[in-house]
Amino acid sequence: MQLITRDVPELPFPHDTDTLQVLWCPLDHEPYFQPHTIVHWRKAEAVGHHLIEAPTPDPDSDDSYLPTACVLAPERVQEYPDAYELSTELWDRIQAWEIDFPNPDGWAYGEHLSTAPGSKVGGWPQWIQDPVPFECSRGHEMAHLLTIASWELDIESGKRWAPMEERPLLTLNALPEIQNPTDLMIQDAGSLYLFVCLECPERPVDSISQGS
């Protein structure tokens with residue numbers, strides 16, 4: 001994945017950089033049995049020539065970690081913390097609101113109002129299991145940088161999060177076309193989460209994956 005500052009200026013680019021490159025080794029690595037990620041913060045002018053075709057993968061690569069090449073079309077959305085991130089008192093209030101004020105579309109906080117599903121930059125992680133706090137080697141709390149997901153959405157979450165131009169495809173027959181456009185599969189329909197330290201000037205990154 002490659003992101004540049006003019007498309008995602010909210011990214012915490014280190015001084016004198018404007019390009020984020022995320023690469024990984026397409027094999028399982030311990031301790032989480034996920035692709036090993038490497039992150040480079042760079043200047044666009046130092047990237048050099050652009051590849052016309054992707055390099056031939058190593059024959060031992062895991063096919064589920066070899067994405068179909070695609071162009072990103074960033075879209076900003078408003079989201080709120082995952083239910084796992086909320087206090088017990090606030091989550092109880094939200095559940096009471098859902099019971100007391102039902103709506104005809106059946107919308108709920110978890111599927112439609114909290115965290116956007118799928119691959120994304122910034123915002124709140126949509127945890128599949130319990131949240132995992134991250135600290136850098138200097139003891140600073142790290143923030144969510146991006147999520148690389150196996151699935152972008154499902155029928156239910158698609159009511160809120162599917163791009164407008166893809167809403168007509170949101171049927172059982174067409175769902176695969178928008179659910180997994182990159183052909184990635186991390187663990188069991190899981191996600192890979194990358195976290196960044198906003199206090200260290202070099203912006204170190206760490207990662208963890210979770211499966212369903």
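All of these numbers come straight from a predicted model, not from anything done at the bench.
Partners of Phe134 by ring pair (Phe, Tyr, Trp, His ring centres under 6.0 Å), not counting sequence neighbours, listed by chain and number: Phe195. Residues passing the ring pair (Phe, Tyr, Trp, His ring centres under 6.0 Å) test with Trp91, sequence neighbours excluded: none. With sequence neighbours left out, Ser207 forms a side chain to side chain contact (heavy atoms under 4.5 Å, CB included) with Gln34, Thr37, Leu192, Leu194. Contacts of His29 classified as side chain to side chain contact (heavy atoms under 4.5 Å, CB included), with partners at least two apart in sequence or in another chain: Cys25, Leu27, His36. In this structure Arg160 satisfies the side chain to side chain contact (heavy atoms under 4.5 Å, CB included) test together with Trp107, His112, sequence neighbours excluded. With sequence neighbours left out, the salt bridge (Lys or Arg N to Asp or Glu O under 4.0 Å) criterion links Glu79 to Lys120.
Within the 3.5 Å criterion, the main-chain N or O of Ala108 finds no donor-acceptor partner in the side chain of Glu98. At least one donor-acceptor pair under 3.5 Å links the side chain of Gln210 to the backbone N or O of Gln129.
By the 4.5 Å side-chain criterion applied to Ile, Leu, Val, Met, Phe, Trp and Tyr, Met185 is assigned to a cluster that also includes Trp151. In the hydrophobic clustering, Trp161 connects to Val77, either directly or through intervening members, whenever side-chain heavy atoms lie under 4.5 Å apart.
Pairs engaging residues 66-76 under the salt bridge (charged side-chain N to carboxylate O under 4.0 Å, His left out) rule: Glu10-Arg76 [sequence neighbours left out]. Within the structure, side chain to side chain donor-acceptor pair (under 3.5 Å) pairs that include any residue of residues 181-192 comprise Thr68-Asp183, Gln187-Ser209 (at least two apart or interchain). Sorted by first then second residue, the salt bridge (charged side-chain N to carboxylate O under 4.0 Å, His left out) pairs that include residues 125-151, not counting sequence neighbours, are Arg138-Glu202. Applying the salt bridge (charged side-chain N to carboxylate O under 4.0 Å, His left out) test to residues at least two apart or on different chains, none of the pairs has a partner in residues 29-40.
Rounding to the nearest 0.5 Å gives a distance of 12.0 Å between OH of Tyr80 and CG of Leu90.
Across Pro14 and Pro201, no two heavy atoms sit closer than the pair CB-O, 3.5 Å.
Cluster annotation: Ile38 and Leu66 are assigned to distinct hydrophobic clusters (Ile/Leu/Val/Met/Phe/Trp/Tyr, side-chain heavy-atom contacts under 4.5 Å, transitive).
Side-chain contact check for Glu152 versus Ile178: every heavy-atom pair is 4.5 Å or farther apart.
The closest side-chain donor-acceptor pair between Ser157 and Asp154 falls under 3.5 angstrom.
Around the CZ atom of Arg167, the shell of radius 6.0 Å holds more than 12 heavy atoms that belong to other residues, nucleotides or ligands.
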